Participant: 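Provided herewith is a single structure, encoded as structure tokens, for subsequent inquiry.
Read the numbers this way: they start at 1 and go in the same order the structure lists the ligands and their atoms. Bear in mind the structure is a predicted one, so any value in this text is a computation, not a measurement.
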Amino acid sequence: MLGLKVLAMAVVLSLACSSVTAAVSYDGKSIVINGRRKILVSGSIHYPRSTPEMWPELIQKAKDGGLDVIQTYVFWNGHEPSPGNYNFEGRYDLVKFIKVVQRAGLYVHLRIGPYVCAEWNFGGFPVWLKYVPGMEFRTDNQPFKVAMQRFVEKIVSLMKSENLFEPQGGPIIMSQIENEYGPVEWEIGAPGKAYTAWAAKMAVGTDTGVPWIMCKQETAPDPIIDTCNGFYCEGFRPNKPDKPKMWTEAWTGWYTQFGGPPPRRPAEDLAFAVARFVQNNGSFFNYYMYHGGTNFDRSAGRFVATSYDYDAPIDEYGLLNEPKWGHLRDLHKAIKQCEPALVSSNPAVAWPGKNQEVHVFETKSGRCAAFLSNYDPNSSTKLTFRNVEYDLPPWSISILPDCKTAVYNTATVQSKSSSAKMVPVIDRLNWQSYGEETPSADDRDTLVMEGLWEQINVTRDSSDYLWYLTDVNVGSGEGFLKNGQLPTLTVMSAGHALHVFVNGKLSGTEYGSLDNPKLTFNGGVNLKPGINKISLLSVSVGLANVGTHYERWNTGVLGPVTLKGLDEGTRDLTKQRWSYKAGLKGESLNLDAPRRSTSVEWTEGSLLAQKQPLTWYKTTFNAPDGNDPLALDMISMGKGEVWINGQSIGRHWPGYIAKGSCGECNYAGTFNEKKCQTGCGQPSQRWYHVPRAWLKPSGNVLVVFEEWGGDPSKISVVKRTF
Ligand SMILES: *[C@@H]1O[C@H](CO)[C@@H](O)[C@H](O)[C@H]1NC(C)=O
Ligand SMILES: *[C@@H]1O[C@H](CO)[C@@H](O)[C@H](O)[C@H]1NC(C)=O
Ligand SMILES: *[C@@H]1O[C@H](CO)[C@@H](O)[C@H](O)[C@H]1NC(C)=O
């Protein structure tokens with residue numbers, strides 16, 4: 001009760017103040033809040049990538065790390081799963097998330113988009129949007145503009161109704177319209193230009209009282225601020241001198257793709273990049289990501305792993321990723337000590353020696369801050385500044401908030417490395433299994449059509465799975481070994497993975513990759529005289545989230561599909577009659593959701609399926625004691641999806657072994673994202689986050705659907721601990 005009263009008073013007070021002074025604007029130097037220029041330290045935390053129970057602690061850790069602002073995208077497909085049906089519950093409770101940030105005393109940068117990229121399914125667009133007649137994404141297209149405006153206005157009015165914009169006493173100091181549109185506009189020309197002008201006008205017209213930005217968009221129309229995204233942004237210049245220099249995405253690492261190793265970015269290089277940005281007039285920088293989190297359920301973009309750890313300062317599980325978190329906290333302290341000088345002067349730049357650079361911010365009132373740089377990636381240097389000699393390690397910047405004392409150097413890490421480990425806590429689970437059946441073309445509940453259809457057109461992404469079913473009739477004496485060879489079935493697919501069954505038996509599995517989602521199955525098949533059942537299970541692994549007109553990209557078996565080596569020669573199956581079945585039988589029986597599931601006969605003990613493809617596994621377990629974050633070690637499994645108490649923790653695919661150019665990660669001036677990877681030859685993702693909030697003390701139901709046929713007896717529950 002007391003807490004409530006205090007809160008109510010705080011609201012009254014802030015409203016009272018806001019009516020007089022609250023306002024957000026900008027000038028050529030920085031964002032200006034209530035008349036004061038600010039150096040703003042920001043970090044991305046995407047609300048659906050963690051649970052509401054995790055939010056307060058994540059935000060507190062961000063605050064302790066020296067952040068002023070939390071930046072998030074708004075995820076349209078999470079909020080409007082079908083046209084006009086909105087969802088702002090649970091992980092999608094945007095208002096609650098913003099209020100948690102507000103309560104911590106931090107600001108919000110709200111990137112409404114609604115295109116967000118974000119390695120998120122379909123770049124954040126609902127799949128139904130593609131099927132609105134006449135639809136073309138992100139261009140001068142009337143159906144698109146109507147839908148986009150409706151969603152943007154929906155979000156803005158929701159924020160207004162909760163008094164969340166800064167002039168209303170709320171924490172939102174900035175918004176974003178579109179996302180990295182500059183390169184698309186450049187590519188498509190006139191319709192792109194018209195769309196940019198429209199989007200800018202529409203956004204400004206919503207009258208939020210706070211500035212709008214467009215990232216990676218040199219053509220951003222006034223008053224919208226164009227901003228930089230990248231590993232380094234010191235050379236960026238806003239498109240007008242009266243706009244501040246802002247970095248909306250300072251990449252703290254990179255995302256993991258299935259098939260690739262988890263990328264790493266050294267804390268030293270990140271700190272160097274930020275200090276270099278600030279000494280070159282930068283006044284806002286945002287870590288993308290500050291907490292990356294998890295792509296729960298099927299929210300990941302195409303071939304994006306379930307973990308979205310990003311090597312961010314707070315790891316996927318909400319623990320500090322040291323030394324990165326601490327090294328950046330120290331950087332922020334040093335920058336904040338310089339703030340009075342940074343916001344009220346322009347730097348004087350000098351080059352006292354080879355590879356040496358000095359930036360001095362000095363005000364008439366006697367404030368002085370200096371940044372000393374050594375750009376030599378190999379050697380340390382002695383730099384003399386105002387008659388004092390400073391030692392600078394290779395590729396580093398020292399910060400002197402009083403122009404005398406070096407309080408921080410970007411290459412000198414004081415924080416200790418974290419020693420977080422995955423420790424098994426439950427490694428004996430009692431499994432039951434249920435075999436997913438292979439349907440055939442004459443099953444009753446299939447859709448019969450001529451030729452091959454695009455997968456998402458049929459499933460509308462209600463499932464990763466679509467069966468393509470057909471019959472092949474061969475005469476007696478056909479389909480057997482001919483000159484020592486079986487007939488060859490060739491299946492060309494637009495992606496992303498494929499299991500080929502002939503007469504109910506698995507003939508093979510193929511899958512693509514992020515760089516090349518397409519695949520071809522080519523294999524000898526054992527046919528029998530008469531009718532043979534060809535059952536192709538096509539699997540999507542997230543929808544594309546980036547690329548010009550990615551809404552036109554296809555998924556699934558589009559052919560050709562041919563059978564070679566019959567008496568007649570090659571038979572083309574592409575245009576014949578196919579039957580379609582969207583989703584798995586187990587999905588239609590709700591085997592993933594124990595409360596709703598139809599009862600089926602699960603087998604166990606000696607009858608438990610052993611390494612069978614297309615198998616459902618189920619077990620129960622009690623929540624491990626304590627508060628350590630939990631995960632599943634899925635090393636013994638292949639590919640599929642995992643649910644805890646009916647909630648999907650995401651796709652598992654430890655069978656996808658990381659290929660890549662894992663090399664020595666040398667930050668000193670040679671930072672190379674491709675080299676900074678660890679774990680080549682290992683599964684791209686072995687551990688899968690199980691949110692504590694999804695567990696009950698006992699009797700938690702864990703369900704795994706396994707496509708390849710792993711060994712569930714080796715799955716264990718692990719805790720992440722120091
Ligand atoms: C900082 O901004 C001022 C004013 O726009 C400009 O004259 C100066 O060249 C900039 N300095 C650096 C180092 O970017
Ligand atoms: C630093 O060392 C690397 C590798 O030895 C070399 O290729 C590079 O040219 C050196 N850079 C400078 C600026 O000396
Ligand atoms: C998608 O479905 C429509 C009917 O709903 C059909 O006319 C069209 O040919 C399909 N497109 C593809 C690429 O399969």
Side-chain angles (χ1 to χ4, degrees), residues 25-33 35-42 174 211 213-250 269-286 331-332 334-376 381 383 385-386 390 392 395-403 406 408-410 669:
S25 60
Y26 64 81
D27 61 18
K29 202 73 216 167
S30 77
I31 293 288
V32 178
I33 303 177
R36 293 178 69 175
R37 286 179 179 156
K38 296 265 190 191
I39 301 294
L40 291 171
V41 185
S42 178
M174 257 188 304
I213 66 115
M214 287 178 116
C215 62
K216 272 178 81 167
Q217 178 119 27
E218 283 169 33
T219 59
D222 296 336
I224 295 186
I225 308 166
D226 64 320
T227 64
C228 186
N229 295 346
F231 285 110
Y232 303 97
C233 274
E234 68 276 355
F236 172 81
R237 295 277 174 275
N239 64 6
K240 289 278 174 68
D242 66 342
K243 293 178 184 176
K245 175 164 165 171
M246 296 172 55
W247 189 0
T248 28
E249 293 186 15
D269 183 64
L270 182 55
F272 177 87
V274 168
R276 198 173 186 183
F277 179 72
V278 171
Q279 73 182 4
N280 283 292
N281 285 336
S283 60
F284 173 101
F285 52 93
N286 173 78
L331 168 67
H332 305 151
I335 290 173
K336 282 298 159 107
Q337 287 176 263
C338 302
E339 186 177 22
L342 293 175
V343 296
S344 37
S345 61
N346 285 326
V349 187
W351 297 271
K354 194 170 174 241
N355 286 321
Q356 296 182 350
E357 194 172 72
V358 171
H359 289 71
V360 185
F361 295 81
E362 206 157 16
T363 68
K364 291 199 186 77
S365 62
R367 291 276 188 177
C368 186
F371 290 65
L372 315 182
S373 310
N374 175 15
Y375 295 138
D376 190 323
T381 194
L383 187 156
F385 171 63
R386 298 193 173 173
Y390 296 85
L392 292 174
W395 196 249
S396 78
I397 297 176
S398 284
I399 300 179
L400 289 58
D402 59 355
C403 283
Y408 182 86
N409 175 272
T410 57

Participant: State if Gly28 counts as touching ligand 1 under the rule of any non-hydrogen atom under 4.0 Å.
Facilitator: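 No.
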Participant: Does any N or O in the side chain of Asp27 come within less than 3.5 Å of the main-chain N or O of Ser30, such that one atom is a donor and the other an acceptor?
Facilitator: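 Present.
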Participant: Consider only side-chain N and O atoms of Gln356 and Ser373, and report whether a donor and an acceptor are under 3.5 Å apart.
Facilitator: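 Judged by distance alone, the side chains do not pair up.
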Participant: Between Ser396 and Asn409, is any side-chain donor less than 3.5 angstrom from a side-chain acceptor?
Facilitator: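 Note: Ser396 and Asn409 side chains meet the donor-acceptor criterion.
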Participant: Would you confirm whether any non-hydrogen atom of the protein falls under 4.0 Å from atom 9 (O) of ligand 1?
Facilitator: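 When distances to the protein are checked, atom 9 (O) of ligand 1 has no heavy atom within 4.0 Å.
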Participant: Of the choices Asn346, Val349, Asp242, which has the non-hydrogen atom that lies closest to atom 4 (C) of ligand 1?
Facilitator: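 Going through Asn346, Val349, Asp242 one by one, Asn346 has the nearest heavy atom to atom 4 (C) of ligand 1.
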Participant: Check Arg237 against ligand 1 and report side chain, backbone, both or neither, counting heavy atoms closer than 4.0 Å.
Facilitator: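 Within the 4.0 Å criterion, Arg237 contacts ligand 1 through side-chain atoms alone.
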Participant: Quick one: nearest non-hydrogen protein atom to atom 6 (C) of ligand 1, plus distance?
Facilitator: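 Of the protein heavy atoms, Asn281 ND2, 4.1 Å lies nearest.
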Participant: Looking only at protein heavy atoms, identify the closest one to atom 13 (C) of ligand 1 and say how far it is in Å.
Facilitator: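 Checked against all protein heavy atoms, atom 13 (C) of ligand 1 sits closest to Asn280 OD1, 3.3 Å.
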Participant: Please check atom 2 (O) of ligand 1 for a protein heavy-atom neighbour under 4.0 Å.
Facilitator: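 Yes, there is a protein heavy atom closer to it than 4.0 Å.
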Participant: Per the side chain to side chain contact (heavy atoms under 4.5 Å, CB included) rule, which among Thr227, Asn229, Thr248 passes with Lys216?
Facilitator: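 The residue from Thr227, Asn229, Thr248 that satisfies side chain to side chain contact (heavy atoms under 4.5 Å, CB included) with Lys216 turns out to be Asn229.
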Participant: Can a salt bridge be assigned to the pair Lys240 and Glu218 using a cut-off of 4.0 Å between side-chain N and carboxylate O?
Facilitator: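 Salt bridge absent between Lys240 and Glu218.
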Participant: Are the sulfur (SG) atoms of Cys368 and Cys403 separated by under 2.5 Å?
Facilitator: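 The sulfur gammas are closer than 2.5 Å, so yes.
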